[in-house]
Structures are given as structure tokens and as C-alpha cells.
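Structure record follows, encoded as C-alpha cells.
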Amino acid sequence: MEQQYRLRFAPSPTGPLHIGGARSALFNYLLAKKNGGTFIVRMEDTDLERSSKESEENIKDSLRWLGMDWDEGIDVGGDYGPYRQMERLDIYNAAVRRLLEEGKAYYCFCSEEELAREKEEQQARGEVPKYGGKCRAIPLAEAEKRVAAGEKAVIRFRVPEGETVVVDDLVRGKVSFDTDGIGDFIIVKSDGIPVYNFAVVLDDHTMGITHVIRGEEHLSNTPRQLVLYDALGYEKPKFAHISLILGRDNEGKLTKMSKRHGSTSVVAYKEQGYLPEAIDNFLALLGWAPGGEEELFTLDELEQAFSLEHVSKSPAVFDLEKLKWINGMYIRGASGERLLEYGLPFLKKAGLVSAEPTADEMIWAMTVIDVLKTHISCFAELPELIEKYRAAVVYDDDVLASLKDCKEDALAVLRAMKEKLERNPKVTVDSYKKMLKEISKETGIKGRNLYHSLRVAKTGEEQGPDLDKLSVIIGRDLMLERLKKFIKMFQRMD
RNA sequence: GGCGCGUUGGAGAAGCGGCUGAACUCACCAGCCUUUCACGCUGGCAUUCAUGGGUUCGAAUCCCAUACGCGUCACCA
């Protein structure tokens, strides 16, 4: 009998979905899909202070945008709900009750000040800061009386002493931890809400999760959870801890990816005009390596190709350049409709097209995007590129004067051009192009060299737009007008 | 500090004891193509796998130290 894969992504709605979270979600999603399993999304909202509805919406939107639709979970429902932790308090309470009665957990009345002092003392002595166990011996009956009397208490788990817990990790192998280094940790806060480490165990178990893929920062949490699985008598899921995503800061040091490394949220990339499939592709490559030479994968292809065996243990570095390259590749391959769908908003925002584009504007936008699609790595670059093309090159006497210093080639080209212009002063875009071709033939200066000569001669600048593209972007009329100016300059030349 | 993890080129990485005289991709450099840029194409880019020992006929691959980096030690997830 084949095992039914059940994977989950369980974010806490305390902020927008960030890159790291998206990657965790993706890996879970991919492994589930690869094995014909179920992908579940659950909200870990037990942090009342920081959780928000907006964050939850943002996370769900980002997930959907990236194409990671979930089979079960929040919003879509399923047989293992509810899928928001705050709606599952009954489940946790029942388990706590059991643990309490079995003596595996106990009430703790220590105040925060007390605990802080204890911790300080331990640290001063160079010891591992962990709970000393002051309330360990309080009988349950007595403790319950005190709680009933209104005394504030948390519930701690009695961690077995002197045991070695082995995390059999799918990517890191066997990693062992000593329970003596853990200390009785809190499983229920004084407000009666369970703490993450406890809630996940219950959730993953009751939801039948088979594989847990999460960030490496959770690795040292895992022994706590394992010990809970044992106490509760639950079967453990398989764990896979994927490496951190590092970013390079201003000093060039690599540290855990955070705001200081630039945009970290998925929406931020969406807003810059990245395509979801490019983000997915990029994210998949962060810590996972496809076997072969190909690096570009659509979500569907990733679902087929993905495997935990090729997930790396060492941290991955977030390389914006690579993301840009991938995005550029997808932009080049995208259909006209999609290009327009993604590019148009940027043109509108830049005021290059009105909010309610006319038919002409739509055609213009479509053409421009098509012409420029091989030049951009994300749509946010579109307006500035267009601007660059639009910026008029000013041909004036100063430029003319500078021609004196031109290389021989440039002068030869320019002389030939002047002659032709004198013979046939009527200029159109096409005749201009034709003329350039002839000059090329006559002078023997061709291709790159011809243009380079002109370019240097023209302005001394290193840039000048392609005529075809220019005519699309700024319009044929405006271009002709500029051309004429340019030509006038040549005619005055000597 | 304890515990844990990692260290192959500028970046992502393959590699799992001999087929690696270290794939592949990004970046970079050179050339071709193209009247710019870009795209595309061709070629170049680690005598070496953090360092030092050891095991072995043979190591980037196994073992032990050292160094460095990072993570985690919350009534946050």
C-alpha cells in the first residue's frame, strides 16, 4: 500500500508572505504534487499580538498568485479542519488535559521576573539557561486549586531527563540532541493559548501530515516536538529542514535574508513586475538543484522534477541577478496577452498610457512591449527604458565641433552621408536606412563599425536607439523630425 | 557559552572512494551576429574542493582536530 502524502504550509499571519516562506511553501507543494499527495494550508495564528487579518489575506493572495493552490485548508475546507489554530483550541485543551493527568505536564506559577532572574544567574555562571523546575513537584490537585483561585499559571511539559532525541532528517540525516539541554518548556501560555511547539504537534498529527518541510531555523525546535510526539503516543511525520536563505548586506557579509537586503516579500516582487513562474523557478533553485543542465522549469515541470534528494544542506544565497535573468527569460517567452496584462499597469503608472487606454494606446503599448521585451528583466524597467529612447539626442554646433576629433572611419561615413543628403535631401525613415546601407557598401565600413563611427560622431555618447524601435516607441513623426535635425547638422558639416 | 548545522569558482551548484585532469547555470571577459543596448551563437573563466592531520593502492568524497560562518536556546512562530 502506497503511502498517501500529506504536506502542509503553516505560516503565521504576522506579515506579508516573504521569500523564505514562499520557498518553504513551494517545496511542500512540490513534494505533495510529485507524489500525488495533498497540499494543505493552515494558519498558525496563536500569536494574538502580531497576527492580523491583512497578513493572512496577503499570504493567501501571494500563494495563489504563485500558483500554489492548496487542496485543503483555510478557505477551501477539508475533513481535518478547522485550519486556523485559534479555532482548534478544543483539540489542544484535550491533549493538555491528558498530559496533565498523566503527569507529563504541570502548572508553573513562576513569575516572569523570577524566570528572568534565574536565567540571568545561569548565564552568569556560564550555564545553559533553562527552566530550573521549581514548580515541577506541585501536585496537580493543588495546582488546579490555585488556578481556580485565579492565580496566573502556564503549563510546562516535563521533558524526560538524560535522553537522546534523534531527528531523522530527510535532508540532513540523523541529528541528535540531548534532552538535558532542553529544560521543561511552556506548552500553554498563561492566557490559555498553546505555544507553537505544542500546537504544531497536535495539528500535524490530527491532520495526518506525513512530511514536514520547513526552514533550518526550526531544526533545534524539532527535539521538543519529537518528545511531545512520544508523550502523546503519536506517530511522527518525516522531517526535512531546508537551508536558510542568505542575503549579502552592504558590507558584503552574508546573513539571513531580511529587510535590509532589499525586498523580501512576494508582493514586492509582484509589484516590480516579476512573473509568478519566474519567482517559482527561482525559489525552487534556492537550495534545490535539478539533475541536468536545464535550469528553467515551469511549475508543472517542477512538480515532476522535484526531489528532496537534491536539496542541499548548505545555505542558499539570494541572487537578484539570477532572478532577473530568469524573469527576463520568462518575459521573452510570454504570450502577447500576458505581456500586455503585466506590462500595461506599469505604462499606466508612468503616465505613458491613460488609465482607460484608447484603442490606439493599446496598440502602441502592445507594440512597445513586444519590441522591448528582450531588453527588460522585469516590467518595472519598462517606463524608464522608454524614457531613454524618448530622450532626444540634441544635435547642435557643439557636436559638430566635436567631429573634428573623430576617427577616420567616422569622418568617412559622415562625408559620404553628406554627399548623399545633398543629392537627395528628402528623407524618410526608410530612405535613411537605405542610405546607411549604401554608405556601408561604399566605404567598406560596415555593421558595428559603421554605426559605431556614427555614434561617436553624433554625440560622443555611447547610446543611440535603433531606428525601427525608435519609430515604434516615439512615433514615426517625432522620429522624422529628429532625423531632419540630425541631417541638417550633417549638411552644415565641414 | 551549550547545542546544532554548514564551508567546492564572484553567485547558485553537481559530486555519495577510482568514468572529475571538478558537470551545468547566472555573472564576468573575448569573439561573432546585429546600425545602439539587448537577444542569440562561439570560446574563456577552480592545477583545486576552508586548514591541518589520519584511513586507503587511490579522497572533494570516510575519520579526527582547528578555523570561520550561521542557526537556536521566549508565555514568537
Side-chain angles (χ1 to χ4, degrees), chain A residues 10-14 44-47 49-51 85 108 112 115 119 122-123 125-130 152-156 167 169 172 175-178 180-183 185-191 193-197 199-200 214-224 241 243-244 246 248 253-256 282 285-296 310 312-326 328-329 332 372-377 385 388-389 433 436-437 440 446-455 461-470:
Chain A
S12 57
T14 53
E44 309 217 322
D45 56 349
T46 55
D47 184 345
E49 294 281 304
R50 300 190 299 148
S51 293
Q85 289 187 325
C108 169
E112 285 183 51
L115 261 14
K119 189 173 168 182
Q122 285 167 332
Q123 273 172 335
R125 267 178 276 136
E127 290 173 15
V128 201
K130 65 173 193 181
K152 275 189 84 173
V154 298
I155 299 174
R156 308 187 95 105
V167 181
D169 194 276
R172 328 196 85 88
V175 183
S176 36
F177 295 86
D178 200 325
D180 290 344
I182 297 178
F185 55 91
I186 292 170
I187 55 176
V188 178
K189 300 183 251 184
S190 56
D191 57 6
I193 294 169
V195 112
Y196 162 77
N197 273 129
V200 250
R214 57 181 21 165
E216 189 189 305
E217 65 267 29
H218 286 282
L219 185 57
S220 41
N221 263 322
T222 312
R224 279 170 242 271
H241 289 93
S243 59
L244 272 349
L246 269 29
R248 204 173 285 284
K253 273 188 65 174
L254 285 173
T255 46
K256 191 174 166 181
F282 176 69
L285 260 20
L286 245 33
W288 171 76
E293 303 181 5
E294 191 51 58
E295 292 225 298
L296 262 15
H310 289 287
S312 150
K313 287 194 271 273
S314 47
V317 176
F318 185 93
D319 184 358
L320 224 205
E321 289 307 313
K322 185 134 184 176
L323 207 210
K324 283 184 173 174
W325 173 75
I326 292 175
M329 292 306 276
R332 269 154 235 152
L372 295 182
K373 70 180 175 189
T374 57
H375 302 233
I376 54 174
S377 55
L385 228 201
K388 218 167 92 181
Y389 276 86
K433 283 173 72 177
L436 284 177
K437 233 169 229 160
S440 167
K446 57 176 179 172
R448 181 174 218 107
N449 292 331
L450 171 84
Y451 185 76
H452 188 74
S453 302
L454 283 176
R455 191 173 75 195
E461 270 181 14
E462 283 298 307
Q463 303 232 346
D466 173 292
L467 292 176
D468 288 324
K469 285 171 185 170
L470 194 62

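Computed from a prediction, not measured in an experiment: that's the story for all the values here. First the proteins, then the strands, lettered A, B, ... as listed; each starts at 1.
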Item to check | Non-neighbouring partners of A/Asp47 that pass salt bridge (Lys or Arg N to Asp or Glu O under 4.0 Å), sequence neighbours left out | outcome: A/Arg50
Next on the checklist: Distance criterion of 3.5 Å, no angle test: do you see the side chain of A/Ser190 paired donor-to-acceptor with the base of B/rC75?
Outcome noted: yes
Checklist entry - Which comes earlier along RNA chain B counting from the 5' end, the contact point of A/Ile376 or that of A/Tyr196, where each point is its nearest nucleotide? => result A/Ile376
Checklist outcome for this item: Sorted by chain and number, sequence neighbours left out, side-chain hydrogen bond (donor to acceptor under 3.5 Å, both in side chains) with A/Lys130 holds for none
Checklist entry - Does B/rA77 have OP1 or OP2 sitting under 4.0 Å from an N or O in the side chain of A/Lys189? => result yes
Item to check | Residue list, side-chain hydrogen bond (donor to acceptor under 3.5 Å, both in side chains) with A/Ser243, at least two apart or on another chain | outcome: none
Checklist outcome for this item: Sorted by chain and residue number, the salt bridge (Lys or Arg N to Asp or Glu O under 4.0 Å) partners of A/Arg332 (sequence neighbours excluded) come out as none
Next on the checklist: The criterion is side-chain hydrogen bond (donor to acceptor under 3.5 Å, both in side chains); which residues satisfy it with A/Glu295, sequence neighbours excluded?
Outcome noted: A/Lys322
Next on the checklist: Please give the distance between the P atoms of B/rG31 and B/rC37 as a whole number of Å.
Outcome noted: 13 Å
Checklist entry - List RNA chain B stems (3 or more consecutive Watson-Crick/G-U pairs, under 3.5 Å)? => result B:1-7 with B:67-73, B:10-12 with B:24-26, B:28-32 with B:40-44, B:50-54 with B:62-66
Next on the checklist: Which residues pass the ring pair (Phe, Tyr, Trp, His ring centres under 6.0 Å) test with A/Tyr196, not counting sequence neighbours?
Outcome noted: A/His218
Checklist entry - What residues, two or more places apart in sequence or in another chain, satisfy salt bridge (Lys or Arg N to Asp or Glu O under 4.0 Å) together with A/Arg172? => result A/Glu216
Next on the checklist: For B/rC76 and A/Thr14 - does any side-chain N or O of the residue sit under 4.0 Å from the phosphate oxygens OP1/OP2?
Outcome noted: no
Checklist outcome for this item: Residue set satisfying side-chain hydrogen bond (donor to acceptor under 3.5 Å, both in side chains) with A/Ser312, at least two apart, ordered chain then number -> A/Ser314
Checklist outcome for this item: Residue set satisfying side-chain contact (heavy atoms from CB on, under 4.5 Å) with A/Ala10, at least two apart, ordered chain then number -> A/Arg8, A/Arg42, A/Glu44
Measure all distances between protein nitrogen or oxygen atoms and nitrogen or oxygen atoms of nucleotides 63-65 of chain B, and list the pairs falling under 3.5 Å.
none

If you restrict it to nitrogen or oxygen atoms, what contacts under 3.5 Å exist between nucleotides 69-74 of chain B and the protein, and what is each distance?
| residue | atom | partner | partner atom | Å |
| --- | --- | --- | --- | --- |
| B/rU72 | O4' | A/Ser220 | OG | 3.2 |
| B/rU72 | O2' | A/Ser220 | OG | 3.2 |

Checklist entry - Which of these nucleotides, B/rU25, B/rA13, B/rC75, is closest to any side-chain atom of A/Ser312? => result B/rA13
